[in-house]
2 protein chains.
Amino acid sequence: MPSTSDTHALTMLVRKLESIAILSDEERQAILNLPAKTRVLQPGQDIVHDGDKPSQCCLILKGWACRYKIIGEGKRQILSFHIAGDVPDLQSLHIHTMDHSLATLTEATVAFIPHDNLRELIAQHPGIAAAFWRDTLVDAAIFREWLIGMGRRSAYEHMAHLFCELYLKLQAVGLAGSYCCPLPITQVDLADALGLTNVHVNRVLKQMREQSLITLRGHTLVIEAWDELSQVSEFDPTYLHLEKRAAA
Amino acid sequence: MPSTSDTHALTMLVRKLESIAILSDEERQAILNLPAKTRVLQPGQDIVHDGDKPSQCCLILKGWACRYKIIGEGKRQILSFHIAGDVPDLQSLHIHTMDHSLATLTEATVAFIPHDNLRELIAQHPGIAAAFWRDTLVDAAIFREWLIGMGRRSAYEHMAHLFCELYLKLQAVGLAGSYCCPLPITQVDLADALGLTNVHVNRVLKQMREQSLITLRGHTLVIEAWDELSQVSEFDPTYLHLEKRAAA
DNA sequence: CGAGAACTTGACCATCGTCAATTTACGTGG
DNA sequence: CCACGTAAATTGACGATGGTCAAGTTCTCG
């Protein structure tokens, strides 16, 4: 039987899935009955490593994480950012060998849920399976948009686009204020996500500040001019597929 | 009742899913009973367009297709290549608005299967649902690898990596010979996939030929030195997740 | 054989990377 | 509260990868 704190953890998963699909009372209860082990991790700590064959999934409750891969002599590419409610290694349910790593970017609270229980859950609740599937599809849509940014946008446009994306994602889960949101990552992290160097990220940030598009105080991003920011990056939020969707 | 040619089309889907999961006789039959409308398309023709809300999925039977998106003043980013057996818009089952387009690159034969029938199929056969889900997850894994190529590899390494990937994907479905495979696309297509210009693609190809890594005659890619090609691009096929996998 | 598409090449240029030196911010212990 | 040490941010000078523009050349196919 889950402890109080575990139930709290699973409430986060219920909330996430309800942003994707409509859950029945029974489905909601089935999720809350999942076993989960909660842990607090230090910043920069690996959760799952490239090549692992995990037997559990990780639900982020607090803080930020990222998927990344190291190639060559230590070059890192960040593949995605993850925040509270995300299950960044959901794919490990169906793809047994990790082809990248997952790590915290900040101090983070995460809950681990065994694959066996998740498999049982989706076997008995096709609506939940569909919601999970949809979640991984939105994930893929974000990868596609990052590909476009890397391939066909300038550093300036690409970064503006990322800021728009992060702001909307945080807003969707209630973690953003009015045109401002936490951005608890370093310029090196930003560079590794955008496929740039930290030096160039710094230069682009300077430019964006000079043009009064954003300010970045401490670890808070303030969007001073949303319209301009989304316009220079041709930001179209369609790919985030944020609209709520009934279970199949 | 499906016509003879439609049954032939669906055999392709059975074969594809059997490369992902083990199907029961019943599941195999259920797939073969799907209705499918087959059409032959000209090269460069759109199958589904950015913004559409399709009510059917597209199974490629012959030829090549790609997913792409146009941004700015006509800049195109190709997001993925697709060959016989692929269902490149499977995500439209769960994500209703297309956030990119799908088009043929060559003359192609494709079959269309209504969403309703696919939904019924997966509702009644969870094993097939799992196989489809897994397929979209491998798709996402390939996006991630392309992201790494764009962000952290040189043009030369990136292109070498793509050639390794395409060769293995074609080999997996029996469409490649011994270190040679069809590559029926233009240098402009290659450039739009790699995030480069056609001019630079041409220069990199010249370099690869000079170093006797590949030759590209007509629309056939010959890999003259697999070991070197995979080594310079640090190619690790794990992310293609080609090993066969039992249905859940 | 002719026309258009695809490919190839050269000259020049811009974005972004590299290297290295400061400066600033921040957490810890005194 | 201040001093100190380390990580993060910032800046400048210079260089390289890849883009732009433009002019051929070769292929393909009717």
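By convention in this document, chain letters (A, B, ...) are assigned in the order of the sequence lines, proteins followed by strands, and residues within each chain are numbered from 1.
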Pair B:D99 + B:R67, salt bridge at N-O below 4.0 Å: no
In B/S/- notation (B base, S sugar-phosphate only, - none; protein heavy atoms under 4.0 Å), nucleotides 15-23 of chain D written 5' to 3' is ---BBBB--
For A:M98, side-chain contact (heavy atoms from CB on, under 4.5 Å) partners two or more places apart: A:V48, A:D52, A:P54, A:Q91, A:S92, A:H100
Scan residues 197-224 of chain A for pairs that pass salt bridge (charged side-chain N to carboxylate O under 4.0 Å, His left out), counting only residues two or more places apart or in two chains. none
All heavy atoms of B:A84 vs all of B:L175, minimum pair found to be CB-CD1, 4.3 Å
Atom CD1 of A:I185 and atom P of D:dA8: how far apart are they, to the nearest Å? 12 Å
Is the shortest heavy-atom distance from the side chain of A:K62 to the side chain of A:T38 under 4.5 Å? no
Test of understanding: with salt bridge (charged side-chain N to carboxylate O under 4.0 Å, His left out), list the residues that count as partners of B:D86, not counting sequence neighbours. B:K16
With the side chain counted from C-beta on, respond yes when B:F163 and B:L190 share a heavy-atom pair under 4.5 Å apart, and no when they do not. yes
Can you give me the first and the last nucleotide of DNA chain C (5' to 3') that has an atom within less than 4.0 angstrom of a non-hydrogen atom in chain B? C:dA6 to C:dA11
Integer-rounded Å distance: D:dA8 P and A:D192 CG: 12 Å
Does A:N202 have a side-chain nitrogen or oxygen under 4.0 Å from the phosphate oxygens OP1 or OP2 of D:dA9? no
For the helix from C:dC1-D:dG30 to C:dG30-D:dC1, how many degrees between its two end axes (five pairs per end), to the nearest 10°? 50°
Got a second to check how far B:K169's NZ is from B:F81's CZ, nearest 0.5 Å? 9.5 Å
At their closest point, which heavy atom of A:A191 faces which heavy atom of A:N198, and how far apart are they? CB-N, 3.5 Å
Starting from C1' on D:dT25, measure out to NZ on B:K206 and report it in whole angstrom. 13 Å
When we call it a touch if two heavy atoms are under 4.0 Å apart, what does A:R217 touch: a base, just sugar-phosphate, or nothing? nothing
For the student: nearest non-hydrogen atoms of A:E165 and A:Y239, plus distance: OE1-OH, 2.6 Å
So, are B:K69 and A:E145 salt-bridged, with charged N and O less than 4.0 Å apart? yes
